[in-house]
Structure formats: C-alpha cells, structure tokens
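One structure is given here, and the rest of the page talks about it.
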There are 2 protein chains.
Amino acid sequence: MSKITLKEISKILGISTSTVSKALKNYSDINVDTKIRVQELAKKHNYTPNAFAQSLRSRETKIIGILVPELVHHFFSSIIDGAINEAEKHGYLVIVLQSHESYEDEIKQLKLLVDKNIDGIMLSLSDKTVKYDHIRTIINEGMPVVLFDKITHLIDCPKVIIDDRKAAFSATEHLIKTGCKKIAHITGPLKPKTTIDRFMGYKIALETYNMPFNKTLIYTSENLSFEDGYNLAGQIMAEHPDIDGIFAFIDPVAIGVLKRLKEDKIKVPKQVSIIGFSNWFMSRTTSPALTTIDQPGYQIGRNAFQLLLKNLNHKREGKPFTSETVEIPTSVIIRQSTRAIMAPVI
Amino acid sequence: MSKITLKEISKILGISTSTVSKALKNYSDINVDTKIRVQELAKKHNYTPNAFAQSLRSRETKIIGILVPELVHHFFSSIIDGAINEAEKHGYLVIVLQSHESYEDEIKQLKLLVDKNIDGIMLSLSDKTVKYDHIRTIINEGMPVVLFDKITHLIDCPKVIIDDRKAAFSATEHLIKTGCKKIAHITGPLKPKTTIDRFMGYKIALETYNMPFNKTLIYTSENLSFEDGYNLAGQIMAEHPDIDGIFAFIDPVAIGVLKRLKEDKIKVPKQVSIIGFSNWFMSRTTSPALTTIDQPGYQIGRNAFQLLLKNLNHKREGKPFTSETVEIPTSVIIRQSTRAIMAPVI
DNA sequence: ATGAAAGCGCTAACAC
DNA sequence: GTGTTAGCGCTTTCAT
C-alpha cells in the first residue's frame, strides 16, 4: 500500500494532473464540485505530495541544519530544543550535527548540509575555528546562515549572542556586593572568545569597584570539567588561603570547586563564595545550591531560528540577507553558594 | 555562483548527460579520456549532484528521523549522539524531533517524518502512548522503524533495550549486599513499562534475599524531579525512621533525596544508603557522589542505528524486515552514597 | 564507447 | 474551468 500520486488520482477521476494539483491547493479557478471530488478522493487515499518532487521544483526542502560543537551538553541541547520547536511551528524540520570542537569536522559537516540542499544553517563555531572562509563561501553561494553563541564578528550574517563580558561582570559584581574582597577567577582554554570575554568582565568589575587585579588569582581549566574544578580549588586555597570568592568559567568547574572546599572543610559561602556560569541543571541540586549565571539556551535557539526564517523568506523574495545581531539577556541566579546581599548602609 | 548541473557539464564538453553521469560514477564502459575530462571539469566547478533529483529517482533521502520524548535530557541526548555519529559513518543525516511525552505529538511528528519521505525512523515511545496503530501503520507501509529504550513488545520491529528489571535488581541487590535491611523504593508514574520493570526488579531482589516486601515502602514521584526526591525523602524518613536504604527511580530524584537527608543531618551512607538510576552527569559531582546504574545511552543510539541500517538495506534488496531485540548491558557504578561491600564471613 | 529518450511526481504558464 | 505541455536534475535502458 504505497503512496498514491497526483497522476493516479487524475486517472481515477478522469481529469488532468494539473487540475488535481490546483484543486488540492484550492485554486480559485477550479470548479467547486471538482475540488470536492478531488479532495475527497485524496483524503480517502491519504494522499500526501511527494516531498522530493516538490523540492525538485521549488528548490526548497523545508529542512534546516543545526551544527553545534557538542550535543550532549545542557546548554546546547536547550538551544536545539528551542530551535526545533520554533522550526516546527513554521513547518521546518531540523537536522542536527556536531563538530566535536574540530575545525575539520565543522567543514565536513557543513558540506554534508550544503550538499543535501537544505534551506538554511544554524551554526555555533567550534573552539578550534579561527578561519572563516568555509562559512563565507557557503553564505556567498546563497545559503542563509545564522551564528549563535560561539560566533565571530568577522562573518557578515545574523547572530544571536549573550554578552559574556556583561554576564561575567554581573557575576563578579555579585561577589563584590556580597562582601568578597579577594576573588579568584577560573578561566577556560585560551582562544575562544567566550574565555576572553568572561575574563574581561571579571577584570572590569574589579576595576569598577576599585579592587586590585592580581594576575596570580587567574587559574586555567583546560577541560572545563568537574575534575578540573576539584583540583584547582585545592591549588587556589593552598596558594591563596585568604581567597573569599571564586568565579568559575562554567558550572561543572564551580561544582568541582564546591566539592573540594567541602571536603577541605572550608565553609561555603561563609568563608568562600562561589559563582558559576551557565545554570546547568545540576547547579540547583548541589548543597549548597550554586549561584550562577543563567544563559537561556531555549531562547537562543528560538531567536536564532527566527532570524534564519527571516532570511529564508528574504531569499525566496529575492531580497538581500539581513545581518542583525540579537543579544539575549542573562541573569544572576542567586542561590546558596554566595552570601546574601548586604543592605546598603544609609 | 549557483551549482552546476550534469546538463551544463555535458554542454560544455559537447557530450551527453548520460555519459557525464556514467563518467562520474566510473562506469567501466566509458572511455578513460572522457572520464578524466568529465571528472576534472566536475571538480573544477565543484559539482555535487542535486540531492532532490537523486532522491526523486532513487526513492531514498539518506536522511533518517529520530523521535525522543525529550531532547534536553542526558540519557536521550547521549542516545542521539550515538545515533548521529553512527549514521554519519554510513552517509546518513539525522532529523531530531521530540514528542514531549505526548501521544498526539508523537503521531504528529511521525507524520511529518513520513511525509518527508525519510528513509527510516528511530523511535522512543512517549509515556502516554498505549495504542500502537499509528506505528504499525507506518511499518506496514514499508517504513523501517527501530524502537529503543521506551518500547513495547506489541510492535513487531527491531528494538534496543536495557533490561530495567535486571538493572533494578542489581541496584537493590547492591543495597542488600552492603548491609541494608529496610529499603524503600521511589517509583515513577504508573503506566510506563520502565516503572513497572524497575519496581519488579526491586521486589524480586527482596524476595531473592528473603527480605519482606512492604507496600508502604513504595513511594511515587510523579515528575521524577529533584524536588520530588527532596520532598519524598522527608516523608519517607518521617514515616519510616528506620529506613537504611533508598533505591530511587532516577538520578535527579536520588539527588533530591541526598540533599534532603543532608539537610536533615542524616548520614549518607552511614545511616541511609542511596542508589540512583541512569548515571546522569551530575551524579558523580554530588557529595557524597551518587552510586547509580549506568545506562549506556551512546551505545543504545549506535546499536539502534545499526539495526535500522540493516532494515534499510533489507528494504532496498526487497527482503523482509528483521525484528531482533538487542539488549545493552547496564552496570552498577559504585560511588560514595552506598557503603562498601562487606567481605563475606567465612 | 556514447547518446537518445523515458520517467521519477509535481507545478505552472499557457492554451483552449 | 480544464487540459496540455514543458521542465526541475538525475539515472538507466536500449540503440547505435
């Protein structure tokens, strides 16, 4: 019981395929009776148009691709969630691909998508990517592309970002406002823009509040892992026993820190406050629950698709692509790993 | 600079499209010189075949769909990770869709996939799904389908599962072997097979070790959330202060329990041992780290794709579908929320 | 060794 | 109102 085609319907009804096609689309120049007969028969046989044939003509697949560094990651899977749901509302399906933080894979995966003639691409750059010609080429060939989260301003296209610098500023500011005097920062791998932005946010916050910046208070986590946080916490407290605040690049690192401090009987937040970044699911399950920065992944995905859709439509209408940048606001999620904000002295 | 077509190449070279097509595919009956000329020109112009046209002829998209209840979930995103990577190896792309645990959505999403003429479907049932005709219909119409994790034996197709009963047995057994005498079980929503299987595993383990089964030790978490675990832990300890072991349906619930017991100054594992299920990322970050059951999501995804591929090939060759069931072994991940196994008394 | 032609299913311009 | 026809790009059979 394979699918019925337009041709078969037309044969059964003794009319032409074009009439059937038009009848199904409710064209105004088709006799109402004919329309009804066609539509009823189509329904009866569960007619659905052949997507290949439609695509071959329309040059559209109603499929888009999304390429992220890693799928198994709360932040990215939230983004994909948002993108898929928004896409579905507009009749688009989403192919998901991963670059595994590899430049070569990024190129390879993009090629797969382009070759499949999908309608557009949502992309978060791998940390290794420092050249962008592979992406520019795709855009120049007419493929709508939207960058999100891991972006570069060196590509001219729509972008959805959070302001890492601003967010890191807020995180550091929160530590300062809750009374921390000596704050360490655990940063990430050198290259990516996010690393630099978060570091800058930390630094600027210190400056803004007239606190000394001390290079030895910067620690680097290469893997951004729970284990890294655990180990670095030991090192930090050994080298700077008077630390009273730690701003970690990302939640798992912060949670590693938390665990180590607890094991070393260092009170959190009484002696040392900890703030993370990303609001991973688990951050609210720790004891004490982790204060962190919320990066609304779902919204990023949603917005990124909306920008893509705009250009999908522009392309259809022959208009040039837009290249606006949307910033999604972050917020400090205050939990128990930092102290209460002190009432200002009046 | 849009894409070059076979026809254009043939025109440039003054030969026919069929020759070009064959030359590109290295057919043996094409003159070597011609082949070289064609292949070089194709390379020069970056020729890639039009996927629609190919699909229209071959009836294949080289795209499969995967439908899961929720994407933002460590277990399911691991499965998808495995599926995507395995699919890519074999030249397939993967469309990801979610049913959000809704029967209606499951039907709707499956229809989207079928209408797109994708080659096959990997499916994990929603908890609400209790009728299976929508899936049987799809299979009967010739679509290769593989079920994984949330499955039913009432559908005849390949399946990849873990044995929840066996796993739950091991979990309970581990508690027993580490000296627990009165073990509570936090179960999940009533209907799904996994709930029943894990409950049965718990019950059978008690029987096997000659421990009394007590109905009042069964607690239900409707949302399987961290908060549920937190609240139920309070209730459990109030109603049964002499409990010394808790087997929770899933890690977040177990972690909620952990947090509550800690707040109530109940020592884990000294007074109460806790074992979770699923080995979520965060379970190794708690203090004490959570003992749990590892469900290897990546492998499930991989295996499910492999089974699908088998039937994709069977379909192409006109052979009937297979319907084997593959069981992926689970294991107890021993951490600090349960006591050390006691040496047997000799 | 090469090419002509048909056809996959659908759409739309154009004719009647 | 309805039908004819051409064509989207590719593959494959069958002639030559």
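Each chain gets a letter, A, B and so on, in the order its sequence line appears, and its residues count up from 1. What you see is a predicted model, and the numbers here were worked out from it, not measured in a lab. Keep in mind that the numbers below use all heavy atoms, side chains included, and drop hydrogens, waters and symmetry copies.
- For DNA chain D, the span of nucleotides reached by chain B at under 4.0 Å from its heavy atoms goes, 5' to 3', from dC8(D) to dC14(D).
- A salt bridge does not link Glu40(B) to Lys43(B): none of the charged side-chain nitrogens sits closer than 4.0 Å to a carboxylate oxygen.
- The residue Thr34(B) sits close only to the backbone: its heavy atoms come under 4.0 Å of sugar-phosphate atoms, none of a base.
- Between Lys108(B) and Glu88(A) there is a salt bridge, with a side-chain nitrogen of the basic residue lying less than 4.0 Å from a carboxylate oxygen of the acidic one.
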Letter per nucleotide, 5' to 3', of nucleotides 5-11 of chain C [B base touched, S only sugar-phosphate touched, - untouched; heavy atoms, 4.0 Å]: B-BBBBB
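- Between dT2(C) and Thr19(B), no contact under 4.0 Å exists linking OP1 or OP2 to a side-chain N or O.
- Ion pair Glu8(A)/Lys11(A) not flagged as a salt bridge, since none of the NZ, NE, NH1 or NH2 atoms sits closer than 4.0 Å to an Asp/Glu carboxylate oxygen.
- For the pair Glu101(A) and Lys150(A), the salt-bridge criterion is met [side-chain N within less than 4.0 Å of a carboxylate O].
- Of all heavy-atom pairs between Thr17(A) and Leu6(A), the closest is O-CD1, 4.1 Å.
- Between His153(A) and Lys159(A), the closest side-chain pair of non-hydrogen atoms falls below 4.5 Å.
- Asp33(B) and Arg37(B) are not joined by a salt bridge, as no carboxylate oxygen comes within less than 4.0 angstrom of a charged side-chain nitrogen.
- Ionic pairing of Lys111(A) and Glu106(A) is not present here: no N-O contact between side-chain nitrogen and carboxylate oxygen is shorter than 4.0 angstrom.
- Rounded to an integer number of Å, the gap from CG of Leu24(B) to P of dT2(C) is 14 Å.
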